[in-house]
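Reviewing the structure listed below.
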Amino acid sequence: MAIKGLGFDIDGTLYNNLYMYLCTIPTFIKRPILAYHFGKNRAAIRAVRPISNFRRTQAEMVAKEMGIPETKARAMLQKLIYEDWVNRFKIIKPLKGLSDGLVELRRSGYKLGALSDFPVQKKLEFLGLEDWDCSFTSEETGYLKPHPEPFIELSKRLCLPPEEILYVGNSYSKDVEGASKVGMKTAYYSKCKKGGPAADITFRSYPELFDYIKNECGVKNSSS
Ligand SMILES: [Mg+2]
């Protein structure tokens, strides 16, 4: 397996998913109806095609359900989700063994990418993990995972074919199956669930994943 690059999901993959719930609760308390419709349509939008402007389509779906103008829904989502909610993630910390492992991968010559369905920059900054060849949200491609577009875009931005990328994520259906369908190798992070056939490895800690990469993917020499 000639892996030359890795792509990482962020939420629940780079930090404990518990933080996601802690950061989301105040959003639901502050604007429960808007947060509910956002969450509901975030699931529904995965089945929508074609989408030329993701945030406009998302706002149109939320506006229709709430009976408000699209421009108002978009402004409310911008404030509640893309500003207030994202800023709550100041408390997140990287999972054990991750930071040093990423430095080692970088030193060994692997390309690294971060890809999330939600905005990425603030979270990576809060995690202290900012050394990536690329980092972006699926929203930029118009489609959320597990659509192929975000994974194809990752392949383009890493300048590597999908089969030379190992994608790491904590959602079997969104990360593992999505990445596998475009030809990437996959690593499924789960403390308790068993991986399915689309996962090349299921791991429970980052030292376990980095050992796998060292043994199965071959340690690249930093001078190569
Ligand atoms: Mg995740």
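Source: prediction; values computed, not measured. When a ligand or atom number is given, it counts from 1 through the structure's own listing order.
- The list of ring-ring contact (aromatic ring centres under 6.0 Å, His included) pairs with a residue in residues 153-178, not counting sequence neighbours, reads Phe151-Tyr167, Tyr172-Tyr188.
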Just distance, no hydrogens or angles: give the donor-acceptor pairs under 3.5 Å from side chains in residues 153-161, sequence neighbours left out.
unit_1	atom_1	unit_2	atom_2	d
Glu153	OE2	Arg157	NE	2.8
Glu153	OE2	Arg157	NH2	3.4
Ser155	OG	Leu160	O	2.6
Arg157	NH2	Glu140	OE1	2.9

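- Contact annotation: the side chain of Leu129 never approaches that of Phe8 to less than 4.5 Å [non-hydrogen atoms, C-beta and beyond].
- Neighbouring protein atoms of the Mg ion (ligand 1) (N, O or S, distance under 2.8 Å, waters ignored): Asp9 OD2, Asp11 O, Asn170 OD1.
- Relative to the six-membered ring of Trp85, Lys122 misses at least one condition, a distance below 6.0 Å or an angle of at most 45° to the axis.
- Relative to the ring axis of Tyr82, Arg55 places its NZ or CZ within 45° and under 6.0 Å from the centre.
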Show me the donor-acceptor pairs within less than 3.5 Å that the side chains of residues 62-70 make with the rest of the protein, sequence neighbours left out.
unit_1	atom_1	unit_2	atom_2	d
Glu65	OE1	His37	ND1	2.6
Glu65	OE2	Lys40	NZ	3.2

